[in-house]
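Here's the structure, in structure tokens; my notes come after.
So you know, we letter chains A, B, ... as the sequences are listed, proteins then strands, and number each from 1.
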Amino acid sequence: MLKKQIVLGICLLGLVTSSKAITPFNIIRPFDPNFFPTYWKNQTRQFTPILSFGASNPHGRSVEGDTVNVLQVLFPTQDALAMLKGFAPTSQQAQLGQLININGDDGVRGHFKVTGDLKVLFSGSLIGRWNWENGVWLGMALPLASLKVKNVSWVDQTKNATLDDALTHQYLTDNFAANVAQLGNGLSIGDWSKAGVGDFTTYVGWRKSFLQEKKWLKEAIVNVRLGVQFPTGVRKDEDVAVSLAFGNDGAYTVPFAAGLDLRFRKIFWAGIDLTFMKMFNHIRDRRIQTNATQTDLLALQKTRARKEYGLTQMFNLYAEPIIGKGLSVRFAYEHFKHGDDKIAVMSNDYSTLAANTAAILNEWTTHDILIQLKYDSAHQKAENNRFRPQLSIFGKMPFNGKSSYQVSLIGASATFSF
Amino acid sequence: MVHKLTRLVLIFFALLVSSCGHATITLQANGATRAITFSGNNVSAHIADSNDMSSSLYLGRNDPTIVAGTNDGLAQYAISQAREGLGFILPCAPTTVRLNGLEKQPNPLSGQKIAVLGLFSGAYGTKNPFAVTQDSPQNLYWNVSTSGLDPFDVFSVTNIADANGAVTSGVVAATGASIFEVTSTTQIRGNFIFAAVKPNGAVFGAAGSGIAMIGQNGNSLAQAAAIVGDGVEKSVPLDGTQSYVKIVTNATVQQTTPDVYFDPITQRVYSAFTVATAAGAGDGARGIVMGYFNPITIIPNTVLSKLVLTDFAPATAYAGLVATAVGGLVSAGGVVTGTYSKFCSMYTSTGLTYGAIVGSNGATPANQTVSAVPTINKSVDPTNTTWPTDPTQGAMASKIVNPGTNLKTFFNSQFPLYYPYMGRGFQVPATTPADMPLFTDDAVKVGGGIAPGVIRDIQVNKDTVFVAVDAGAANAAGVFASQALFDGSAAIKGWTPWQRVATPTTTGNTIYGIGYQPQVGRLFTMEGATANTIDTVLTTTWNTADNDGLLGGTTTNAQVGFVELIDTQFSEGQGGIQAAFDFPNNTLGFAAAPNRLSAMIFTGYKQVVIAQTGADTGGGIFTPTVGDFSTNMQISTNGAVTAPGAGALILSITGGALDTIGAITSAAVVRDNVIGNVGYFVVGGVGGLAVLKPGWPVVGLQKNFANLPASAFTLIGSYKNVRKIWSDDTNFYVLTNDTFDRIPATQLAGATLTPVTLATPAILPQQYGQFSDVAVSAKVALLATSQGLFRTGDGANASTAVSPAAMAWTAVTLPESQVAVTRLQPLSTTGLPEGFSKNPVGGTVYVLAGSVNYDLASLYRIAVASTEAVAVTAATVQVIPDYFVQGTTSAFAALGAYRNYATTFGALVTASESSPDGSSPIFEALPPILRTGVFIAQNRNVQIQAGISIAITIGNLLRNSGIGSLILPTNTGMRVLE
């Protein structure tokens, strides 16, 4: 009994909200407000699976916002000379850097043009929701995904004109993967794939409808949510350079949000939703940057480090014309912005200052348009009918952003009430 | 308004000029052609303001005075100014001025022939020229205003009094001085002009001659009384009768070329002159006197003060030395003469003060002899409060260095937490013959011997002495420089030989005056066909030198120039010129006079270019090779050269064995010391070593490569990744990233090499180490590695050791370094890099400790003793101590970031980095204030505008010993300072 109460108590700590992983990717997050089921009286339990697929190969948005390969989001080339910097002067990395680079970087020596294909085999969520009469509800969500980065290609830009070029080829780039693995304590620069769960999330929320007697405005629904995300998701594999985290990479997270939905006669809905996510500091072994000039995929040093996360903001704005009899089309604009992260190295062996120069810690954003065809069978079935599913198919198209991965998605969701 | 418009137009054209790729720029005034500065306004008197931020050379008209009222536009150039960064000459003698506060007065300097020129800052802080005219030599005029100001103030003093109080017959030399002597108990401050004056009705040296002290008095200048309280303005006497001149019996000061000089570091005035002793044995004289400033009352009520002349070196110190000691002489019977014409102070990068004196006692030509003598500096002792009036401050110091007693380093105990460095100075005056610097001392002989010609001008900046000389017995006219070499206590122990740094742009011209520009190492020069026809004022600049008549081709065709012809041999996409090497005319293996040559080798990807940079004329005068280099230029694509055609200057070689080598990193001239001067060009790089065979004959390589037979580069040995080839005596050395070998030079004649390995990474204390640079001289090898600097161990000998163990490699600790050492720059008395442990004094090696890993670099210097005749000991290699705080030896310069190269020329220190992280390359001059104990922020470095923004790689900066230009190789071709 006590155990049930504790579980319930934890669950009640959260208000249902959207949830997202820290990975700078525009995939559908669990409890995306665009996928909130409609609540009908007596529908105390609702179950919503969401499933989406990549409609195209994801691309990247660079720091400047240009469309680039997903492995060139932060840097057009990866710098193998820079990766050797910042180590103890007599370390193997430092001594190798001294061997091949005393004349300095010429802009291409030791640089690799890296490309790869990011595939979203599927991503989705399983969401359960319990509603009470007073507008309070409890939700739980378990994201699922299968991603892969394949055809990773490292093309050496090093010329063959100087002694340093020759030494760079001989001692580093001609056998690059093996050298990186050896210098980076097992760091792989090859393909990666993973299927698994994301961060299990609970929410508590409160919603209330206020009927209006205005000429156009007939109903306003307000909601607030608070939740907890548990770090159950697949974490970034620190030994695979191109790997991604499915969740918040081990950090507990508290999302809090509020939304307002307005119905204008029986013509259309419109709404706005704001979500903020506070991710708590998290200590784990991470690959860190040991020099300001290093690039994101070639971080040789793995060490204990605490990550302090920037605030994540999600902004959702929609308009949803009602076609009739439970059929509607939603046009939504979604914007994600994740603030600068910080990192603190938990030893004196490496510089926290250098670690914090990593571009991967910098702010990222996405902008998407979502078009969703929705059907709610409750409009056509009796109120006491227990089987009144809500269905939707959708397409999501990124159109802007920076320092992020972006994919066009198609998918479907269904909500079953019990 | 018109004047301002004119200036704007001039500035516009100056900018045009400076962006046209010229190197040496003829500064424009009213020259009839662009090749000359002036028409009808020859100049002679000049004074350089070598300012750390913006230098100037002020010029005085030498043509006869223009008749008043003549409006020919020239009168305003009676005094003119060449200012750093401008392509034209600024006139500094407007027709109408505010004279002594009176508006719209005729300028007494306008159109005048100028006899004496100096610089004075007065109470206003801005240093401007003062002048004495040929027509009114008893007066002195000071331009209070800077060129272009209106109203333009001029202050004057008229009828300067001689030592007897009568009006002088003329000022013969003068200098401005800013007195700033501050201790914890006293302050002596003021601005004065010290002028050497003739007596009334007689020549300088006669009774009544003296030094006048002139200061600002409201809106004019005024002479101070020599004897306070007598109420009569007069000069401090300087003839042969004073105790600070004569030894025993009155001497005779002669009228020839006296000089007055103020040293801002020691705060002392010096005068140099020619002096004859009396005839008796034991009678002597001194040709240098020193003066200090004696206040009568102390601030805040200092109103009266006087100049006190005193001994530069006491008479007792010369006892028995006859003519061997600098600055004076003693007769052994009969009249003997010491001829001294210039005194310049020297403030070395190690923080010590010296006097550079032009003159001699007759054993060497007085007008070709430059001697450096230590001077006392007690102002660096924070506990010393009496130095301002101490007669030994600024005097000649004992040459016995005796660290801790004579040469002392001071730290400020008022800050006991870290005791900051205050300065360094000699403290013991020369009082006995044993203390006296002798003309024959290595530490004294600037240039290692007499200058290449009669000295027309001298300037000293930090560690370098520059002289402008006439053509001499073995060298054409030009500007030459010598750089100080330091011992392990930071004192000067010797000098590099005179090396050319500038050449007249017109054949037959001589450079009569110079002005060094410390900020980026440029040089103003004044040249003319004769001393009375100096009509061209130039400045060296960093660029490609197009059409400058030197390395930039002829004045009409840049395509035939050294720069253009060599640049076009290298492909920018393949790294362009990756390295350059200079071989002066005393390179072992080169021919002797009258067939001497100097040469440079440029290397790149599968490419070698060999170029002559200087050669003997038919009369044996070594002369820079300039202008058209295209004569019989040979371009080979098969790795071989045919016998060069007559007058050939450039050999360009690709193909053959060079294709195997790929990127060529190093080149050397190796002499087969067994068979006279038989020698070879040897190059090395990624793919190994190649030698140009069969080499040249026993007489050595002659000018125009005249006796170089048909030859081909031939692969030798089995090396890979050669970083350096080094030649020393009978051996040459090969350094790769993981081996250091010695090979007898005689093996170059054969087909195989039998090297002796002297080092592998196993000598290093930890794993993964490798080598980056090496220098070898006599028994000493210095090995730069990724794990520090190593030297030949005590008792070992690099020229005979048979194994790494036999070398007993010993780490040289570089305090506060970043472990790895990347570059070595040896300096020696021979001018050859392999001379740094030879001759009696050895040399100095500048060491760049650079950590790619930490993106840091520091420049150190080490003193290396000669090991030609003695074994290597713990004292052979010493890190020259540089300090910021007491007890911690530091680097000479922390560069603030990683740099590929750091190069010193004594006065100029540069650092460079190839395109860091893909951005524009860095080529910077370290601040001129850089000295021991001077912290330099990286943002104080000055980016040298050498047109390299589109370059990616920068190679090693070096001097072309033939013409004196600095050469900076890049992947987009070379840039030059000339």
Subject >> Among B:Asp855, B:Val686, B:Ile952, B:Ile954, residue most engaged with chain A (heavy-atom pairs, under 4.5 Å) >> reply: B:Val686
Original post:
With respect to chain A, which residue among B:Gln766, B:Lys606, B:Glu913, B:Lys720 yields the maximal number of heavy-atom pairs within a distance under 4.5 Å?
Top reply: B:Gln766
Subject >> Partner residues of A:Arg306 under the side-chain contact (heavy atoms from CB on, under 4.5 Å) criterion, sequence neighbours left out >> reply: A:Asn281, A:Ile283, A:Glu308, A:Ala344, A:Met346
Subject >> side-chain contact (heavy atoms from CB on, under 4.5 Å) involving B:Ser890 - partner list, sequence neighbours excluded >> reply: B:Glu816, B:Phe884, B:Thr888
**OP:** From the options B:Val847, B:Leu848, B:Leu782, B:Thr785, select the one residue that forms a side-chain contact (heavy atoms from CB on, under 4.5 Å) with B:Val821.
**Re:** B:Val847
Subject >> side-chain contact (heavy atoms from CB on, under 4.5 Å) partner of A:Val152, chosen from A:Leu118, A:Asp191, A:Val240 >> reply: A:Asp191
Original post:
Counting heavy atoms not belonging to A:Lys302, are there more than 12 under 6.0 Å from its NZ?
Top reply: yes
Original post:
Does atom CG of A:Asn185 have more than 12 heavy-atom neighbours, drawn from other residues, nucleotides or ligands, at distances under 6.0 Å?
Top reply: no
Subject >> N-O pairing of B:Asp773 and B:Lys724 below 4.0 Å >> reply: yes
Structural part of [X] lying under 4.5 Å from a heavy atom of chain A:
X: B:Phe771; value: neither
X: B:Thr665; value: side chain
X: B:Asp738; value: side chain
X: B:Gln574; value: both

Original post:
Sub-3.5 Å donor-acceptor pair from the side chain of A:Asn69 to the main-chain atoms of A:Gly116, do we have one?
Top reply: yes
Which one, [options], leads in non-hydrogen pairs under 4.5 Å with chain B?
options: A:Leu96, A:Thr290, A:Leu167; answer: A:Leu167
options: A:Asp164, A:Val108, A:Thr90; answer: A:Thr90
options: A:Gly86, A:Ala166, A:Ala354, A:Ala292; answer: A:Gly86
options: A:Asn160, A:Asp165, A:Asp79, A:Asn291; answer: A:Asn160

Below 4.5 Å from any heavy atom of chain B, which atoms of [X] appear? Answer side chain, backbone, both or neither.
X: A:Asp106; result: both
X: A:Gln93; result: neither
X: A:Thr293; result: side chain

Subject >> Pair B:Phe570 and B:Phe602, ring centroids less than 6.0 Å apart >> reply: no
